[in-house]
Each structure stands twice: as structure tokens, then as C-alpha cells.
Amino acid sequence: GHARSGCIPAGGNTQCGSSLGCHDARVDSAEKQRRSAVDGARAAHRGLIEDIKNLSDEQARSASLLPNWSIGHVLTHIARNGDSFTRMMTAAINGDVVSQYDGGHERRSADIEAGAARPAAELIADVTGSASRLEAVWDAMTPEAWAGHGVNAGGETWKCEAMPFHRWREVAVHHVDAGIGYTAAD
């Protein structure tokens with residue numbers, strides 16, 4: 001074999017026996033995309049937390065842009081969604097595979113309903129804590145864990161490497177849905 005230090009980027013080197021080369025462009029690109037998604041999700045967390053930091057109890061109980069959901073429903077959903085990603089990725093760190101929501105859709109819906117009417121301070125702390133726990137798990141992920149997967153709420157296999165993008169999208173979309181001034185243009 002040849003020394004790893006002699007490998008060239010972008011998959012052009014196949015002397016190491018791999019048809020992909022020692023530094024495959026697809027792998028490098030996937031890692032870059034994952035890092036970008038983690039950074040984007042962290043920024044989405046910060047933006048949401050900034051926008052809700054002064055939320056009043058009255059605002060929390062007011063209607064969101066989603067039918068039959070208050071802002072409290074949306075924020076509780078964002079928090080439970082963060083916990084669901086923490087659940088799947090923690091399992092991957094341990095070499096396990098779990099479903100996104102313990103108890104499935106019924107438990108997810110019940111948890112959102114139960115948390116929706118909490119005081120604003122509790123909602124803010126829940127969203128903040130959930131984001132913090134998820135970000136800590138991202139920091140703890142190993143290459144083996146990133147290669148793992150979970151099972152999303154629809155029963156589909158979800159690769160851990162794709163989860164930060166899904167989380168980023170979830171936070172951004174529901175930040176708009178909360179109806180607190182953040183728009184799709186943001």
C-alpha cells in the first residue's frame with residue numbers, strides 16, 4: 001500500500017485500493033454539507049431564542065399562523081422536535097437505533113398539547129434547553145455515530161448525517177409559523 005500522506009484530494013488517487021480514492025470528494029463534500037447544516041441549525045436556534053426572549057404569557061397563548069395552534073404549541077413542538085433529534089443521535093453514539101419520538105405520533109401530539117399552555121418563561125426555557133442539549137450531542141458525535149441512523153416519525157430511516165439539515169429546516173419553518181415577526185424572507 002501507499003502512505004496516506006501521499007493521497008491527493010478529490011478522489012483522483014486510486015492507488016490505495018479504493019475506487020473512491022483516499023480523500024473522496026463525495027465524502028469531503030458530505031462532511032462540509034453536514035458542518036454547514038450544523039452551523040445553520042445553531043444560527044436558527046440563536047435567532048429563534050433571540051426572538052422569543054421577551055415573549056409574554058399573553059403572546060404565548062395567542063394564535064400562531066398554524067390552524068388551531070397557539071405560539072405555545074409551536075414552541076413546544078420545536079422543543080420536542082429538538083429532543084427527538086437528541087434521542088436518535090444519542091442512540092447512534094451508543095451504536096443503537098431508535099425511533100424519533102418515544103411513544104410515536106400519539107405521544108408527540110400529547111406532549112405538544114400538554115406543553116402548549118405553559119407560561120412563556122417555561123416555553124422559552126424549554127426551547128433553549130432543548131437546543132442546548134441537541135448542540136451538545138452534535139459536539140459529541142463521532143464519525144461512527146454520524147454514519148448511524150434513526151427512524152423518523154413516518155417510519156423512514158434517517159441518516160444521522162442528514163439530521164442537522166432536517167433540524168435547521170424544522171426550526172426555520174416553525175419560526176415563521178409562530179407568527180412572531182420572522183418571515184420566510186428572513
_Quick check against the 3.5 Å criterion: does Gln100 have a side-chain atom that pairs as donor or acceptor with the backbone of Ser84?_
no
*About how many Å separate CZ of Arg133 and OG1 of Thr128, when rounded to the nearest 0.5 Å?*
10.0 Å
*Taking all heavy atoms of Ala145 and all of Ala92, pick out the closest pair and write down the distance.*
O-CB, 3.7 Å
*Hey, is Arg35 close enough to Asp39 for a salt bridge, meaning N to O under 4.0 Å?*
no
*asked:* Is there a path of hydrophobic side-chain contacts, each under 4.5 Å between heavy atoms of I/L/V/M/F/W/Y residues, joining Leu55 to Ile78?
replied: yes
*Between Ala120 and Asp57, what is the shortest heavy-atom contact and its length?*
N-OD1, 2.7 Å
*Do Asn94 side-chain atoms and Asp96 backbone N/O form a donor-acceptor pair below 3.5 Å?*
no
*For Gly82 against Arg167, the heavy-atom pair lying closest together*: N-NH1, 3.0 Å
*Sequence neighbours left out, what passes side-chain contact (heavy atoms from CB on, under 4.5 Å) with Glu122? Give chain and number order.*
Arg118, Pro119
*asked:* Run the salt bridge (Lys or Arg N to Asp or Glu O under 4.0 Å) test against Arg108 and tell me which residues pass, sequence neighbours left out.
replied: none
*Stepwise side-chain contact (heavy atoms from CB on, under 4.5 Å) test for Leu75 and Asp126*: CA-CA 8 Å; Leu75 296 179; Asp126 192 17; over 6 Å; no
*For the student: nearest non-hydrogen atoms of Trp168 and Ala44, plus distance*: CD1-CB, 3.8 Å
_With rounding to the nearest 0.5 angstrom, report the NE2 to CG distance, His77 to Asp111._
12.0 Å
*Do Thr76 and His73 meet the criterion of a side-chain donor-acceptor pair at a distance under 3.5 Å?*
no
*asked:* Less than 4.5 Å apart, side chain to side chain, heavy atoms only: is that true for Val127 and His45?
replied: no
*In terms of the angle between their ring planes, are His174 and Trp69 parallel, tilted or perpendicular, with boundaries placed at 30° and 60°?*
tilted
*Does the separation of the ring centres of Trp138 and Phe85 fall below 6.0 angstrom?*
no
*asked:* With rounding to the nearest 0.5 angstrom, report the CG to CG distance, Asn54 to Asp51.
replied: 10.0 Å
*Short side-chain to backbone donor-acceptor contact, Ser62 and Gln59, under 3.5 Å*: yes
*asked:* Before you tell me yes or no, could you show the steps for Arg169 and His166 under side chain to side chain donor-acceptor pair (under 3.5 Å), namely the whole-Å CA-CA distance, both residues' side-chain angles and the distance that decides it to 0.1 Å?
replied: CA-CA 5 Å; Arg169 182 181 60 195; His166 291 290; 2.9 Å; yes
*Atom CZ in Arg34, atom SG in Cys160: separation rounded to 0.5 Å?*
10.0 Å
*Taking Arg87 for the side chain and Ser99 for the main chain, is one N or O donor matched with an acceptor at less than 3.5 Å?*
yes
_Donor-acceptor pair, distance only, cut-off 3.5 Å: does the side chain of Asp177 make one with the backbone of Leu65?_
no
*Can you hop from Val173 to Leu48 via hydrophobic side chains spaced under 4.5 Å?*
no
*Shared hydrophobic cluster for Trp146 and Ile93 (ILVMFWY, side-chain gaps under 4.5 Å)*: yes
*asked:* Please report the interatomic distance CD(Glu161) to CE(Met141), rounded to the nearest 0.5 Å.
replied: 9.5 Å
*Between the side chain of His105 and the main-chain N/O of Ala153, is any donor-acceptor distance below 3.5 Å?*
yes
*Would you say Val38 and Trp158 are hydrophobically clustered, going by side-chain heavy atoms of ILVMFWY under 4.5 Å?*
yes
*Using distance alone, with no hydrogens and no angle criterion, decide if Asp83 and Ser130 have a side-chain donor and acceptor under 3.5 Å apart.*
yes
*asked:* Grouping I, L, V, M, F, W and Y whenever their side-chain heavy atoms are under 4.5 Å apart, do Leu134 and Ile112 come out in a common cluster?
replied: no
_Point-to-point distance, once rounded to the nearest 0.5 Å, from CD1 of Ile71 to CG of Leu123_ = 10.0 Å
_Asn68, CG atom: more than 12 neighbouring heavy atoms under 6.0 Å_ = no
